[in-house]
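Comments concern the structure below.
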Amino acid sequence: MSEAVAEYSGAIDKGLEGVVACSTGISSIVDATLCYRGYTIEDLAAHSTFEEVVYLLWNDRLPNKTELQQFQGELQEFITLPKEAIQVLKALPTKNVHPMAWLRSAVSILGQYDVEAQSEDAAAKRRMALRLTARMGGLVSLFERTRKGQELIAPKPGKSLAYNFLWTLFGKEPDPDFVKTMDVALILHADHELNCSAFAARVSASSLSDVYSAITSAICALKGPLHGGANEQVMLMLLDIGSFDNCRKWVKDALEHKKKIMGFGHRVYKNGDPRAKILSQMSEKLTAKMGMAHWFQMSKHIDDTVQSEKGLLPNVDFYSATVYYSMGIPIDLFTPIFAVSRISGWMAHVFEQWQNNRIYRPRGKWTGKTGLRYP
Ligand code: COA
């Protein structure tokens, strides 16, 4: 074995568990407390709006009233998708295509309609962040309406991103409770320290690639069922279980067969995910309002069973599934909603990476053959 190989023969932290990959001041997780820029998620969910949280993540402080109005105005200015891009996006296949796969292409395509995409100017990069954040909800609605053969709905001026997402998705005045619920859900999903997709965005950004490339990388990472894709899987699991009485047996069988129960467990939180607690209350309230209380009751029963059988607690994806389902949102759009929110955190990470950049280039521990000769 050569010296170079021996140098990297130490222990490996599989999945980089416990490895500190960079310094960050965006969001922190300490025990079961998640903070954005120093504010707890509970405080922000109770008192702020998604737009305020985006401002906070990008500026390291909350806006005053004038700043918030101005910021909302900037988002508003960029919310409408460019006409030429819409034509191309509408032509993309949607049949048997997962919306996250579509979104991955769509964001990349939007980059080709942004004349500033390659700009190195800080103000241009901020405008790209505003455009992507303002448009992510509209993209998801465009996908949904295109696959249903429906006309596109224009966003309404002066309304929040949460409102406009529901408005452009359903094409009817959204229930104020749904708007509030969506706004809180967007706040809760906005950032989460060095999660898989934020890290993917940072890795791409670290090569000094552009904003659209970094965000496309993040969407690719978010798509997987071990990350953002879990919320969709949770609802499919609930539908598969079908009834309250089946819950316990289903969970025990799954655990016996070493199957993962979606929406449970976390790399960092070992004493519970604070977002799950808030989403559980939201799910209880909304499912009751919509005459779907059984979905919450089943979820709670599964939660109790997984805790007692395996000692695992629910994560952000577990109760968000029934929250979205009770609003009538198609199940395969649950993960895209994650992106509608997380774009704000991704952008904060990309900017933070560029502030103090060094390309990510770790080493691999060699486990292959050595010293072969070409025959
Ligand atoms: N269901 C059943 N068992 C689970 C589990 C789950 N959801 N999550 C973790 N475990 C078990 C593993 O099987 C493993 O058990 P073992 O030690 O007996 O082999 C142990 O707990 C550690 O799990 P591991 O997968 O190594 O944890 P991780 O830190 O690598 O992964 C997650 C973290 C979140 C990816 C993992 O918990 C998971 O896959 N959860 C389901 C998907 C999900 O909800 N993702 C959304 C995350 S926000």
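Remember, it's 1-based here, ligands and their atoms both numbered in the order they're listed.
Remark: atom 48 (S) of ligand 1 lies closer than 4.0 Å to at least one protein heavy atom. For atom 20 (C) of ligand 1, the protein comes within 4.0 Å by no heavy atom at all. Within the 4.0 Å cut-off (strictly below), a protein heavy atom is located near atom 3 (N) of ligand 1. Taking a distance limit of 4.0 Å, we find that atom 26 (O) of ligand 1 is approached by no protein heavy atom. Remark: atom 34 (C) of ligand 1 lies closer than 4.0 Å to at least one protein heavy atom. Inside a 4.0 Å radius of atom 6 (C) of ligand 1 there is at least one protein heavy atom. Distance check on atom 17 (O) of ligand 1: every protein heavy atom falls at or beyond the 4.0 Å cut-off. Within a 4.0 Å radius of atom 39 (O) of ligand 1, the protein has at least one heavy atom.
Of the protein's non-hydrogen atoms, D317 OD2, 3.2 Å is the one closest to atom 46 (C) of ligand 1. Nearest protein heavy-atom contact of atom 1 (N) of ligand 1 is I261 N, 2.8 Å.
Ring orientation note: the planes of F264 and F318 are tilted relative to one another, at an angle of 30° to 60°. Under the 30°/60° scheme for interplanar angles, the aromatic rings of H189 and Y324 are found to be tilted. Below 30°, between 30° and 60°, or above 60°: for H301 and F244 the angle between ring planes is below 30°, a parallel geometry.
Within the structure, the closest approach of Q233 to ligand 1 does not fall below 4.0 Å when heavy atoms are considered. In this structure, G263 counts as a contact residue of ligand 1, since one of its heavy atoms falls inside 4.0 Å of the ligand. In this structure, A254 falls outside the shell of residues with a heavy atom less than 4.0 angstrom from ligand 1.
Checking only distances, K258 never comes within under 3.5 Å of ligand 1, N or O to N or O. Checked by distance only, ligand 1 and F264 come closer than 3.5 Å through their nitrogen or oxygen atoms. Polar contact with ligand 1: absent for V316 (N/O pair, distance under 3.5 Å). Geometrically, ligand 1 and L226 share a nitrogen or oxygen pair separated by less than 3.5 Å. Checking only distances, L312 never comes within under 3.5 Å of ligand 1, N or O to N or O.
Side-chain atoms of S197 and W346 form a donor-acceptor pair, as typed in the model, at a separation below 3.5 Å.
Remark: K159 fails to qualify as a cation-pi partner of W167 under the 6.0 Å distance and 45° angle criteria applied to the six-membered ring.
Annotation for I153 and G171: closest pair CD1-CA, 3.7 Å, computed over non-hydrogen atoms.
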Practice task
Would you sort out whether M327 and L286 count as a side chain to side chain contact (heavy atoms under 4.5 Å, CB included), showing the intermediate values?
Solution key: CA-CA 8 Å; M327 286 194 245; L286 207 61; 3.7 Å; yes
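No continuous path of hydrophobic side-chain contacts links F351 to Y360 [ILVMFWY only; heavy atoms under 4.5 Å].
For D31, the CG atom is loosely surrounded, since the number of other residues' heavy atoms within 6.0 Å does not exceed 12. Atom CG of D240 is surrounded by more than 12 heavy atoms from other residues, nucleotides or ligands within 6.0 Å.
Residue-level proximity to ligand 1 for E17 is absent, since no heavy atom of it falls below 4.0 angstrom.
Looking at K270, K14, H192, K260, it is K260 that brings a heavy atom closest to atom 13 (O) of ligand 1.
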